[in-house]
Amino acid sequence: MAPSGSRNIKRDCRRVLYWIPVLFICLIVAWSYYAYVVQLCIETIENLGEKIVYLVAYHVFFIMFVWAYWQTIFTKPMNPLKEFHLSHLDKELLEREDRGESQQEILRRIAKDLPIYTRTTSGAIRYCERCHLVKPDRCHHCSVCDKCILKMDHHCPWVNNCVGFSNYKFFTLFLAYSLLYCLFVTATDLQYFIKFWTNGLPDTQAKFHIMFLFFASSMFSVSLASLFSYHCWLVCKNRSTLEVFRAPAFRHGTDKNGFSLGVSKNLRQVFGDQKKYWLLPIFSSQGDGCSFPTCLVNADPEQPASPSGHAGINSDEDTHQFPAKPLRESQSRLLSNGQTWTDSEGTEDKDREGTSNPAMTIEKET
């Protein structure tokens, strides 16, 4: 009883500590609001027109920044659907097997009807031993959250949350609006910073706030600009931070561009089809987070044909293959622009030679 109570206390303490970076950001933002609105606009700026313009523009950036930050923090990361979880019987069968190949046979049987294309680097089915599920494509287990997160990008301490499928758009907008916020404060504070620095204005309490506000906003602008540029590049390439460090492995091998559909479709996969929602921290991403259109060099022989009788996408212009599983309407639109579904000339044998590989073993992945 005592060890259990000790573990609970440690877990609660960690949860409190995880909020410290978020509290730090909130304190910085609260102070910047006071320094800009009260000390700069109200106490220092004398021109009424300039004061009104600055206050209106500032609050637009401030509201969008806080809204995106709130959504990033409090949007719950999405976990795999129940179809990917092992049943009680399958878990017992898996635990009873000692040989890796026997375990893989069980996992292949479970995964054959799931829209899964990625494998471990050795070609094995990606399985999470902590969550007892077959991992969907681009799904990883977060050691901080202790859960499998759909399209996990990274766990961000500054938002105390996993950045993944459900809030990646919010995180990108948070970076964008925080950068615009810092740039706006830096630009409008510059002339008054110079005046205080050259003793062009009286030495008042506002001097410290205005000077420190300029230094803080300019330094944050540099770091945010690099981080925002990096994630813009990720969106255009349709990659996650984890996939940059470890390219997704498919049946034919690793392919860092395996999920890339072109810049336009990659953007729509994150921000949605309706451009009016692109700049708003409102969820509009395409798909369900469990399956993604792929850009494979070779079709996966273990992936069955779809129930509708359609297989991959054949095109004379390229050799791209896409999931045979039926996709949601928003995902299906990603496969447009000259590519059409064609009837399969025949179904593949489920026991096709080569699907069994004695080297396959269950690998632990993050």
Side-chain angles (χ1 to χ4, degrees), residues 18-33 36 58 60-75 77 138 140 142-145 149-190 212-247 256-257 259-260 263 266-272 278-285 366:
Y18 290 153
W19 284 103
I20 291 179
V22 176
L23 179 62
F24 173 75
I25 294 294
C26 292
L27 291 175
I28 291 292
V29 173
W31 168 79
S32 69
Y33 184 90
Y36 191 91
Y58 172 84
V60 171
F61 289 122
F62 179 79
I63 291 172
M64 297 305 295
F65 159 59
V66 172
W67 186 8
Y69 190 45
W70 177 278
Q71 289 285 73
T72 307
I73 294 174
F74 294 105
T75 298
R138 316 185 81 173
H140 298 274
C142 176
S143 58
V144 179
C145 300
I149 308 299
L150 294 180
K151 196 187 176 184
M152 180 178 172
D153 187 87
H154 68 289
H155 186 94
C156 181
W158 300 108
V159 300
N160 190 28
N161 199 3
C162 255
V163 177
F165 174 76
S166 62
N167 62 350
Y168 187 69
K169 176 190 174 183
F170 304 148
F171 178 76
T172 306
L173 291 178
F174 157 64
L175 294 178
Y177 287 123
S178 58
L179 175 60
L180 290 175
Y181 175 82
C182 290
L183 290 174
F184 175 79
V185 170
T186 302
T188 54
D189 188 39
L190 177 60
F212 190 73
L213 182 65
F214 176 81
F215 283 121
S217 59
S218 58
M219 287 188 296
F220 274 110
S221 296
V222 174
S223 59
L224 286 169
S226 60
L227 188 58
F228 177 64
S229 300
Y230 174 68
H231 279 277
C232 285
W233 177 79
L234 289 180
V235 171
C236 293
K237 293 291 185 179
N238 204 339
R239 299 179 198 169
S240 67
T241 300
L242 293 176
E243 290 168 351
V244 170
F245 292 99
R246 182 192 294 174
K256 63 182 181 181
N257 295 315
F259 293 105
S260 180
V263 175
N266 293 341
L267 284 171
R268 282 190 281 139
Q269 196 172 103
V270 174
F271 293 97
W278 280 19
L279 300 181
L280 298 177
I282 299 173
F283 184 80
S284 58
S285 301
T366 55

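Fair warning: this is a prediction, and the values are worked out from it, not measured in the lab.
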When Leu27, Ile20, Ile25 are each screened for side chain to side chain contact (heavy atoms under 4.5 Å, CB included) with Leu23, the one that passes is Leu27

Heavy-atom closest contact ([X] atom, [Y] atom, distance):
X      : Y      : value
Leu213 : Ser217 : O-OG, 2.8 Å
Asn266 : Asn238 : OD1-ND2, 3.1 Å
Thr186 : Ser218 : OG1-N, 3.4 Å
Pro281 : Met64  : CD-CE, 3.9 Å
Ser166 : Pro77  : OG-CA, 3.4 Å
Leu179 : Leu224 : N-CD1, 3.9 Å

Side chains of [X] and [Y]: closer than 4.5 Å at any heavy-atom pair?
X      : Y      : answer
Tyr69  : Leu173 : no
Leu279 : Tyr177 : yes
Glu243 : Lys256 : no
Phe74  : Val159 : no
Met152 : Cys162 : yes
Lys169 : Phe283 : no
Tyr18  : Pro157 : no

So does [Y] get a backbone contact from the side chain of [X], meaning a donor-acceptor N/O pair under 3.5 Å?
X      : Y      : value
Ser32  : Val29  : yes
Ser285 : Phe271 : no
Thr75  : Asn167 : no

**Item:** Between Tyr58 and Tyr181, a side-chain donor and acceptor under 3.5 Å
**Value:** yes

* To do: For the pair Phe62 and Phe65, name the ring-plane relationship: parallel under 30°, tilted 30 to 60°, perpendicular over 60°.
  => perpendicular

Worked verdict on Thr188 versus Tyr36 for side-chain hydrogen bond (donor to acceptor under 3.5 Å, both in side chains): CA-CA 10 Å; Thr188 54; Tyr36 191 91; 2.9 Å; yes

Contacts satisfying side chain to side chain donor-acceptor pair (under 3.5 Å) that involve residues 150-164 (not counting sequence neighbours) are Asp153-Thr241

Please table the atom pairs, donor to acceptor, closer than 3.5 Å between any side-chain atom in residues 225-236 and protein atoms at least two apart or in another chain.
residue: Ser226; atom: OG; partner: Ser223; partner atom: O; Å: 2.7
residue: Ser229; atom: OG; partner: Ala225; partner atom: O; Å: 2.7
residue: His231; atom: ND1; partner: Tyr168; partner atom: OH; Å: 3.0

Is Arg138 close enough and on-axis enough to Phe165, meaning under 6.0 Å and within 45°, for cation-pi?
-> no

> Crowded around Trp70 CH2? As in, over 12 foreign heavy atoms under 6.0 Å?
Replying inline: no

